[in-house]
Amino acid sequence: MKLKTLTIFLYLMVSIPLFLFFKANVFVWFSFFINYCLITYISYFHLNKERIFSPFLTSYIVFVFLFFIVAPIIQIGAIESMGSTFPNNYPYNVNEVIFSNFLILIFNLIFFISYLFYKKRKEQNFVQKPQTNTFSRPLVMLVLFMVCFVIWAINYSYIIDEISKSIYSKEAESISILLIRKKVLFLIPLGAIALIFRYLKKNRKITTNTFISYLMLIILLSFLLFFKNPLTEKRNALGPIYITLIYLFYPKLINTNSKFFLFSFVSMIIFFPLVSALTHVDANLSEIIQRPNIIVEDFTNHGGIVNAFSTLHYDAFPNIVATVSYVGKEGLSLGYQLLSGLLFFIPRSLWSTKPLSTGEFIGNFLMENHEFTYNNLSNPLVSEGYVNFGILGVVLMSILLSYVVAIFISWLKSNDTLKEVIAFYFSVHLIFLLRGDFANGFAYFVGTFIGVYFIPKLLERIIFFSLKKTK
């Protein structure tokens, strides 16, 4: 079976039963089906018509299908049959669900049209420049390695302490310090690994430089694993890093639209929900060893993979509905909410009236009005645009996103190693950014951008001009 055929088969195997057994208000059903038809057309274009490798569009499609089609349909199906609420405790309202789907339809349509427009313009103006292997490159790699070694030495005790406690425990240090440490400093090894690996690919002959480079590569990989592992980071932070490493070391696995689509689709829509369901089995290890069938029994009794979609991990659509409700009662923020993301680097201690992130803000709204007990929620770009400027905000947010994606498409095709790596990283991070909220998604990527791209580039420039002056 061809890869593309397998991908389409899996897509339909999930889609057909989903709508076939979806019992809901007829207008609600059609509001989801219209969005499904649009994202299916975009998928068809992506897999059959798009000539360039665009992992960005893959991530976009998988996100929309998972969070705006599969998860809410399962959640609403459970509400219709059992009369409960969404995972965020917000009550089911037919009109608000239909309107939320209308906002999603606008976002998807404008994004796709803008994506085609900006991508075409970038392709027309794109001129691939040869990689500039300056005489400072080996020295840059050595300096980067030394920087990473210092970061490892200073933070060794901190990481050991992080490993010993839960990743969900409250952090004692400020958010700004945490961002600099975890999203900037701890990701510098990724940029260094990319430079060294590409250097070794172009210099296969064993010399003193290549031998030292191999040694540095192994140590840097150890540093990255030490800094970024399942005991210190959440899954959404690890995914972009390790998938980027796959693309860097063995690109043939995921370097076409069909391959990456299949990889992302199976991972996000089948594998992770399945793992989530299995990890919630109500039994300890000794009980499982004595009676292995307890896994199947518990998995079946608690709804299995379907039940996993009714957790807060898949709260993106319900949070759009809650945001629509908030705007209906309190009005638009007229850009005020965006400041929490755009000016994330300003500490709250210096700006006491700094707005909360939109996820936390809507979480507080749910706590005050719907007896919810948790305010650290996601909030998709769709509702970020809506809470700020209404439907116009949804349109502007989708256009801005498509423009950024078009820029990174050109970076992915460039001969610049660091541009290519940070562009691919963004394509995977895009799922987290789309889920929201904007403040966290934007801040985390800016931190990574500084660590993986800006700092190595800055060091390269400093070393290059320093050596040039000494000549």
Side-chain angles (χ1 to χ4, degrees), residues 131-164 167 181-235 237-255 263 415-425 428-429 447-460 462-464:
Q131 175 78 43
T132 54
N133 288 317
T134 65
F135 58 84
S136 64
R137 181 56 56 83
L139 186 56
V140 171
M141 296 188 303
L142 182 60
V143 171
L144 273 173
F145 173 78
M146 292 170 63
V147 168
C148 293
F149 182 84
V150 171
I151 293 170
W152 171 80
I154 292 173
N155 290 279
Y156 179 81
S157 298
Y158 172 84
I159 294 295
I160 295 298
D161 183 58
E162 285 283 292
I163 291 173
S164 65
I167 59 174
R181 189 198 298 267
K182 286 196 168 185
K183 303 301 177 183
V184 178
L185 298 180
F186 287 1
L187 276 164
I188 293 176
L190 181 58
I193 288 167
L195 286 175
I196 293 174
F197 181 72
R198 290 293 169 86
Y199 171 80
L200 289 171
K201 281 191 73 174
K202 292 182 178 181
N203 298 271
R204 295 180 180 274
K205 186 185 261 187
I206 298 299
T207 63
T208 302
N209 276 353
T210 56
F211 178 78
I212 294 172
S213 296
Y214 274 115
L215 187 62
M216 289 194 298
L217 181 63
I218 293 169
I219 296 173
L220 285 169
L221 283 167
S222 302
F223 285 163
L224 188 62
L225 180 62
F226 183 69
F227 292 144
K228 300 292 179 180
N229 63 79
L231 298 176
T232 59
E233 286 283 1
K234 296 177 184 177
R235 185 178 63 197
L238 294 177
I241 297 169
Y242 290 108
I243 296 172
T244 300
L245 288 177
I246 292 173
Y247 176 74
L248 180 67
F249 288 110
Y250 201 68
K252 287 184 179 181
L253 282 177
I254 52 175
N255 66 350
F263 173 83
N415 275 326
D416 188 310
T417 299
L418 292 176
K419 281 186 175 182
E420 185 181 350
V421 166
I422 197 63
F424 186 84
Y425 179 95
V428 186
H429 176 79
T448 302
F449 181 87
I450 293 171
V452 175
Y453 179 81
F454 180 77
I455 289 177
K457 282 287 184 184
L458 181 63
L459 286 174
E460 187 175 43
I462 291 172
I463 292 169
F464 177 75

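Taking CD1 from Ile212 and CG from Leu217, the interatomic distance works out to 13.5 Å, rounded to the nearest 0.5 Å. Interatomic distance, OH of Tyr199 versus OH of Tyr214, reported as 10.5 Å (0.5 Å rounding). Here Asn203 contributes atom CG and Ile196 contributes atom CD1; the two are 12.5 Å apart, rounded to the nearest 0.5 Å. Within the model, atoms CD1 of Ile455 and SG of Cys148 stand 9.5 Å from one another, a figure rounded to the nearest 0.5 Å. Note that CG of Asn229 is 9.5 Å distant from CG of Leu224, once rounded to the nearest 0.5 Å. Expressed to the nearest 0.5 Å, how far CZ of Phe223 lies from CG of Asn155 amounts to 11.5 Å.
Applying the ring pair (Phe, Tyr, Trp, His ring centres under 6.0 Å) test to Phe145 and every residue at least two apart in sequence or in another chain returns nothing. For Lys228, the side-chain hydrogen bond (donor to acceptor under 3.5 Å, both in side chains) partners at least two apart in sequence or on another chain are Glu233. Thr448 meets the side-chain contact (heavy atoms from CB on, under 4.5 Å) test with Leu187, Ile422, Tyr425, Val452; sequence neighbours excluded. Listed by chain and residue number, nothing satisfies the side-chain hydrogen bond (donor to acceptor under 3.5 Å, both in side chains) test with Ser222 (two or more places apart in sequence, or in another chain). Residues passing the side-chain contact (heavy atoms from CB on, under 4.5 Å) test with Leu253, sequence neighbours excluded: Ile246, Tyr250. For Thr208, there are no side-chain hydrogen bond (donor to acceptor under 3.5 Å, both in side chains) partners two or more places apart in sequence or in a different chain. Residues passing the side-chain hydrogen bond (donor to acceptor under 3.5 Å, both in side chains) test with Tyr453: none are found, sequence neighbours excluded. Applying the ring pair (Phe, Tyr, Trp, His ring centres under 6.0 Å) test to Phe227 and every residue at least two apart in sequence or in another chain returns Phe186. Residues passing the ring pair (Phe, Tyr, Trp, His ring centres under 6.0 Å) test with Phe149 are Trp152, sequence neighbours excluded. Under the side-chain contact (heavy atoms from CB on, under 4.5 Å) criterion, Ala194 pairs with Leu248, Thr417, Val421, sequence neighbours left out. Residues forming a side-chain contact (heavy atoms from CB on, under 4.5 Å) with Thr207 (at least two apart in sequence, or on another chain): Lys205, Asn209, Thr210. Phe249 is linked by a ring pair (Phe, Tyr, Trp, His ring centres under 6.0 Å) to Phe197, counting only residues two or more places apart in sequence or in another chain.
At a threshold of 4.5 Å between non-hydrogen side-chain atoms, the residues Tyr247 and Ile243 do not count as touching. Under the 4.5 Å side-chain criterion, counting only non-hydrogen atoms from C-beta, Ile160 is in contact with Phe226. Inter-residue side-chain proximity for Ile151 and Val147 is flagged as met; some heavy-atom pair is nearer than 4.5 Å. You'll find the side chain of Ile241 stays beyond 4.5 Å of the side chain of Val428, heavy atoms only.
Shortest non-hydrogen contact noted between Pro456 and Leu418 is CB-CD1, 3.6 Å. Minimum interatomic distance between Ser213 and Met141 (heavy atoms only, all atoms of both residues): OG-CE, 3.9 Å. The shortest non-hydrogen separation linking Leu220 to Pro189 is O-CB, 4.1 Å.
No donor-acceptor distance shorter than 3.5 angstrom exists from the side chain of Asp161 to the backbone of Tyr158, with no hydrogens or angles considered.
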Taking it one step at a time, do Leu185 and Ile154 satisfy side chain to side chain contact (heavy atoms under 4.5 Å, CB included)?
CA-CA 11 Å; Leu185 298 180; Ile154 292 173; over 6 Å; no
Can Leu144 and Glu460 be said to form a side chain to side chain contact (heavy atoms under 4.5 Å, CB included), step by step?
CA-CA 9 Å; Leu144 273 173; Glu460 187 175 43; over 6 Å; no
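The side-chain contact (heavy atoms from CB on, under 4.5 Å) with Met216 is formed by just one residue from the set Leu200, Leu221, Leu142; it is Leu142.
More than 12 heavy atoms of other residues, nucleotides or ligands shown are found within 6.0 angstrom of CZ on Phe449.
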